[in-house]
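Here's the structure, in structure tokens; my notes come after.
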There are 2 protein chains.
Amino acid sequence: MSQEIVKGAIRIADVARHAKVGAGTVSRVLNGSQNVAPETRDRVLATISKLGYVPNLVARGLAANRTGVIAAIIPVIGYSQHSEVIQGMTEVLHEHGATVMIGSSGYSQDMEEKIVAAFLARRPDAFYVTGTWHSQKTRKLLSASSIPVIEGSNLTDDTIDTVVGYSNFAAARELTLMLVLRGYQRIAHVTVKRDLNDRIGDRLTGYRAACNDRENTRPALVIERENSFTGGADAVAWALESSDAIDALFFATDVMAVGGLLECQRRGIEVPNQLAIAGFDDLPIASSVIPTLTTVHVDRVGMGRKIADVLLQRINGEPPPSNRIDVGFQIRERDSTLKPSTR
Amino acid sequence: MSQEIVKGAIRIADVARHAKVGAGTVSRVLNGSQNVAPETRDRVLATISKLGYVPNLVARGLAANRTGVIAAIIPVIGYSQHSEVIQGMTEVLHEHGATVMIGSSGYSQDMEEKIVAAFLARRPDAFYVTGTWHSQKTRKLLSASSIPVIEGSNLTDDTIDTVVGYSNFAAARELTLMLVLRGYQRIAHVTVKRDLNDRIGDRLTGYRAACNDRENTRPALVIERENSFTGGADAVAWALESSDAIDALFFATDVMAVGGLLECQRRGIEVPNQLAIAGFDDLPIASSVIPTLTTVHVDRVGMGRKIADVLLQRINGEPPPSNRIDVGFQIRERDSTLKPSTR
DNA sequence: CTGTTAGCGCATTCAG
DNA sequence: CTGAATGCGCTAACAG
């Protein structure tokens, strides 16, 4: 029978005594040191399982100055694509005995700063923060911590340490140019009113860049709406009333785009014939709505796994391949932007 | 200027020396002990902020035998209603200086068991696990840990310690009876094929109970599908081909229900006139789809906050009001089940 | 290859 | 009210 795990229950000294070895030796077999004779290793292992010994990772953290804890901050935890990154991270980290400590900033830099400070007191081995915009103090805290820091979900040249993500700018630009190529004349962009962040900002900039493309210059048309189904519906109403003859709406998020799609359905507007719609994020619903939604896909679970890989590498002292790792994106061209001629 | 936070940087002894007090006194002001003279307290506080001292919570955890860490396990982290529970938990816990350590079981009891064991080695102050079905060993590990354990998202009389949730059974039963009341004759239930768990199981049982209602006995009609949009679409196909004259489909999840709704749209089936559809979970999309979806609503962020409240209470030694806390649910009757006559 | 020792940074006695 | 001492459970350095 294995011993119960109780606070203050059985310690390394107990194992040492039962196995008739020193505490150091037990520690060595625990940490996989090579310098242990096979027979003593076996004996120690046997007593460990006999006594049901479980190492106290808090004590180990203090002694070894390595906690095996990774801190992660995302904007919101519920129903968000950012949670998928955490999913990927935890999958990989768990296999390596590491654990994720999670916090949500609610898109607030002040809150992010507070969480960073609070988390650092717990001595994580590494840090993941969403995005590339942070308060000056956050950057300073993170730099001064001397642990690996990964910023994710976007790319930047001005990273605190290492950035793992994809170019929101390039994706938005490419999607816009694709719409141009398909023959849409008047493409408006719906950006997010509140909770502005670098990802949304770069999507807007990417759209503008496409509008300024030298072979296809056209005025940019931008409106701000709430990042919700309702916000998307509002945008459609605006577009239909506009005097600009808008024939395509590029939403900064799928949530708004789906809201827009549903509003078209309510109003009997044919998509894409009367109005084309594109989004960003490739939510699960995007490929199921009618018509299916053109959007930008990113493998976020994969990104989380990649982040974990890089983090583990860094923790083990290996230098990362680069301090700017691009996981890429894919434009998913679906029915919501299919021109009749291209069908 | 505040000192940088660096591993092994400034310790409590440094503060003590600068403030010309003993380490014990610094510790006392840090932990809000009453037995400190106001002037010495102020002096210590001043030096703390002057030196930018940040307590090492790992060391504190070892010494105090309290880590301020709460362990939480949910089935999946990405795009899941369970993440909302975590969101609520972190919000409350962060205000109290506690932190959440998160893991995902992938609906596997074996994986859950492994994570529980791994997490316990980190000496959390409390544990949250999703659902009420766990392996025998998981239950044993948790009981033996002698820390508060909350099981959530459902209710049971056979709880490890404390359960905070709502009755999936009652909700499913009530929703089914509501459909009966509305005059639907042949109500089939679509349950989940894989990833079976207590919540899904109880929804099925609730449906069956409604079918066996003594005033309204009727044969239960149950099929299993994948818990996905596609699975929902499959179920609609099945219902339409059935010889049972099914006039209402009650899906165990909104994901399947929305998939079913979209399939009806593709096939030109009018909802609810030709086929009524109901779901469970009240996903954000449920109130936006056309027609809007009848479903069961649960305030999951609120449930997470409640769980945190109870956990904090328990950690501080106060007994919980009950070991079975019902956060309730609400049937959201929407257009997808509105009978023409009731409009 | 292995036992012993000295901390890791803090909370908490115990005197005073 | 406060300083000094002890130890939480473990790792790592050091002898041997």
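Everything quoted here is computed from the prediction, not taken from an experiment. In what follows, every heavy atom counts, from backbone to side chain, and hydrogens, waters and symmetry copies are set aside. Chain naming here is simple, since letters A, B, ... match the order of the sequence lines and numbering starts at 1 in each.
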Check the distance between dC10(C)'s P and N65(B)'s CG and give it to me in whole angstrom.
17 Å

Checking dG9(D), dC10(C), dC10(D) against the side chain of I12(A) (C-beta onward), the nearest is dC10(D)

What's the CZ-C1' distance between R17(A) and dG3(C), to the nearest Å?
16 Å

Interatomic distance, L57(A) CG vs dG9(D) P [rounded to whole Å]:
14 Å

For V21(B), report the nucleic acid contact type (base, sugar-phosphate, nothing); a contact means any heavy atom under 4.0 Å.
sugar-phosphate

For P38(A) and L30(B), take the nucleotide of DNA chain C holding the closest heavy atom to each; which residue's nucleotide lies nearer the 5' end?
P38(A)

Could you check how far CZ of R43(B) sits from P of dC1(D), rounded to whole Å?
15 Å

Can a side chain N or O of T40(A) be found less than 4.0 Å away from OP1 or OP2 on dT2(C)?
yes

Side chain proximity check, N323(B) to D161(B), heavy atoms < 4.5 angstrom
no

By nearest atom, which of the nucleotides dC10(C), dG7(C), dT2(D) is closest to the A37(B) side chain?
dT2(D)

Count the heavy atoms of every other residue, nucleotide or ligand shown that sit under 6.0 Å from CD of E318(B), and state whether that count exceeds 12.
yes

Is there a side-chain polar atom (N or O) of R60(B) under 4.0 Å from OP1 or OP2 of dG9(C)?
no

Measure the distance from CG on L62(B) to C1' on dT11(D) and round it to the nearest whole Å.
12 Å

Is the closest side-chain donor-acceptor distance between R314(B) and T162(B) under 3.5 Å?
yes

Would you indicate, yes or no, if dA11(C) has its OP1 or OP2 atom less than 4.0 angstrom from a side-chain nitrogen or oxygen of N31(B)?
yes

Within the 4.5 Å heavy-atom criterion, are I77(B) and E84(A) side-chain neighbours or not?
no

Output yes when at least one side-chain N/O atom of S27(A) is less than 4.0 Å from OP1 or OP2 of dT11(D), else no.
yes

Measuring to OP1 and OP2 of dG9(C), would you say a side-chain N or O of R11(B) lies under 4.0 angstrom away?
yes

Under 3.5 Å, is there a donor on one side chain and an acceptor on the other for E151(A) and T132(A)?
no

Answer yes or no: side-chain N or O of R123(A) and base N or O of dG9(C) forming a donor-acceptor pair under 3.5 Å.
no

Of the nucleotides dT12(C), dG3(D), dC8(D), which one has an atom closest to the side chain of A64(B)?
dT12(C)

Spacing of K20(A) atom NZ relative to dT4(C) atom P, expressed in whole Å:
13 Å

R28(A) has its side chain closest, among dT2(D), dG3(C), dA11(C), to dG3(C)

Side chains of S135(A) and Q109(A): is there a donor and an acceptor less than 3.5 Å apart?
no

May I ask you to say what N56(B) touches in the nucleic acid, namely base, sugar-phosphate or nothing, with a heavy-atom cut-off under 4.0 Å?
sugar-phosphate

Can a side chain N or O of T25(B) be found less than 4.0 Å away from OP1 or OP2 on dT2(D)?
no

Residue Y53(A), side-chain heavy atoms: nucleotide from dC8(D), dC10(D), dC10(C) that is nearest
dC10(D)

From CZ of R41(B) across to C1' of dT2(D) the rounded distance in Å is 13 Å

Whole angstroms only, please: what is the CG-P distance between N35(B) and dC14(C)?
15 Å

